Undergrad: 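Take a look at this one; I'll ask things after.
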Amino acid sequence: MRRFAIACAALLLFAATSHAADLKTGRELVAACSDYISADQTQDNNVARTPHPCRNFLLGFFQSLVSRERARTDAMVKGLPFTSKEACVRMPDFLSYRDMATRLVNFGKLNPLALDLPAATFAQKTLERDFPCPPQSNTPR
């Protein structure tokens, strides 16, 4: 039953990311986020923001990160193994959509081969580069 719950959580993570926006590749994500950065500079901060594919993608992507972390914590508390193919990331306390969009665009410029990755994988690789977890020490305390 517990494994079923973890499998369901994993499927929800995938669904949240896939519905985030119709951005399939890193190339499409970088193009959308470049447009978002440009549009954000002219946006009046005193009015409601219009929906944008980059921001919609990031919203879904960040929700999937939160769900993945909750599933990991739940598995750990229940004594279940939790395996994730994604590397550990340590997110900052605050990261604006614009800052993350800028990081995605910069990652794409520095890693043109990664542009052909799926958009969610491209975003994950950006986080892994920019916010890696500190190395674990195996020395007992």
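Side chains included, hydrogens not; waters and symmetry mates left out as well; all remaining heavy atoms used. All figures in this text were calculated on a predicted structure; none of them were measured in a lab.
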Undergrad: Which heavy atom of Leu104 sits nearest a heavy atom of Ala123, and at what distance?
TA: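 It is CD2-CA, 3.7 Å.
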
Undergrad: Closest approach of Leu23 and Pro53, non-hydrogen atoms and distance?
TA: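 Answer, listing the atom of Leu23 first, then Pro53: CD1-O, 3.8 Å.
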
Undergrad: CG/Asp74 to CG/Leu80 distance, rounded to the nearest 0.5 angstrom?
TA: 8.0 Å

Undergrad: Could you pull out the closest heavy-atom pair between Val30 and Val105, with the gap in Å?
TA: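 In terms of heavy atoms, the two residues are closest at O-CG2, 3.9 Å.
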
Undergrad: My understanding is that only residues two or more places apart in sequence, or in another chain, count here; which of them pass side chain to side chain contact (heavy atoms under 4.5 Å, CB included) with Pro92?
TA: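 Expected list: Leu95, Phe131.
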
Undergrad: Do any pairs count as a salt bridge (Lys or Arg N to Asp or Glu O under 4.0 Å) and have a residue in residues 105-119, sequence neighbours left out, and if so which ones?
TA: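 Output for this query lists Arg27-Asp116.
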
Undergrad: By side chain to side chain donor-acceptor pair (under 3.5 Å), which residues pair with Asp99, not counting sequence neighbours?
TA: Arg103

Undergrad: Hey, what do you get for NZ (Lys125) to CG (Asn111), rounding to the nearest 0.5 Å?
TA: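 The NZ atom of Lys125 sits 10.5 Å away from the CG atom of Asn111.
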
Undergrad: Under the side chain to side chain contact (heavy atoms under 4.5 Å, CB included) rule, collect the residues that match up with Gln124, sequence neighbours excluded.
TA: Phe61, Leu65, Arg68, Glu86, Val89, Glu128

Undergrad: How many angstroms lie between NZ in Lys24 and CG in Asp22, if you round to the nearest 0.5 Å?
TA: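 It comes to 5.0 Å.
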
Undergrad: Heavy atoms only: give me the nearest Arg55-Tyr97 pair and the separation to one decimal.
TA: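 Answer, listing the atom of Arg55 first, then Tyr97: NH1-CD1, 3.2 Å.
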
Undergrad: Rounded to the nearest 0.5 Å, what's the gap from CZ on Phe57 to NE2 on His52? Could you check?
TA: 13.5 Å

Undergrad: Keeping to residues at least two apart or across chains, list the disulfide bond (SG atoms under 2.5 Å apart) pairs with something in residues 97-130.
TA: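 Not a single pair qualifies under disulfide bond (SG atoms under 2.5 Å apart).
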
Undergrad: How long is the gap from SG on Cys133 to CE on Met91, to the nearest 0.5 Å?
TA: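 One gets 11.0 Å once the value is rounded to the nearest 0.5 Å.
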
Undergrad: Check whether any side-chain heavy atom of Asn56 lies under 4.5 Å from a side-chain heavy atom of Pro51, and answer yes or no.
TA: yes

Undergrad: Per the side chain to side chain contact (heavy atoms under 4.5 Å, CB included) rule, which among Leu113, Leu115, Thr121 passes with Leu117?
TA: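 Answer to the side chain to side chain contact (heavy atoms under 4.5 Å, CB included) test with Leu117 among Leu113, Leu115, Thr121: Thr121.
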
Undergrad: Find the distance between CG (Leu58) and CZ (Arg98) and round it off to the nearest 0.5 Å.
TA: 13.5 Å

Undergrad: Which ring pair (Phe, Tyr, Trp, His ring centres under 6.0 Å) pairs, counting each pair once, include a residue from residues 101-123, with sequence neighbours left out?
TA: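 Only Phe107-Phe122 qualify under ring pair (Phe, Tyr, Trp, His ring centres under 6.0 Å).
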
Undergrad: What's the shortest heavy-atom distance between Arg90 and Pro134, and which atoms?
TA: NH1-CG, 3.6 Å

Undergrad: Considering non-hydrogen atoms only, spot the tightest contact between Tyr36 and Ala101 and give its length.
TA: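 The pair with the smallest heavy-atom distance is CD2-CB, 3.9 Å.
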
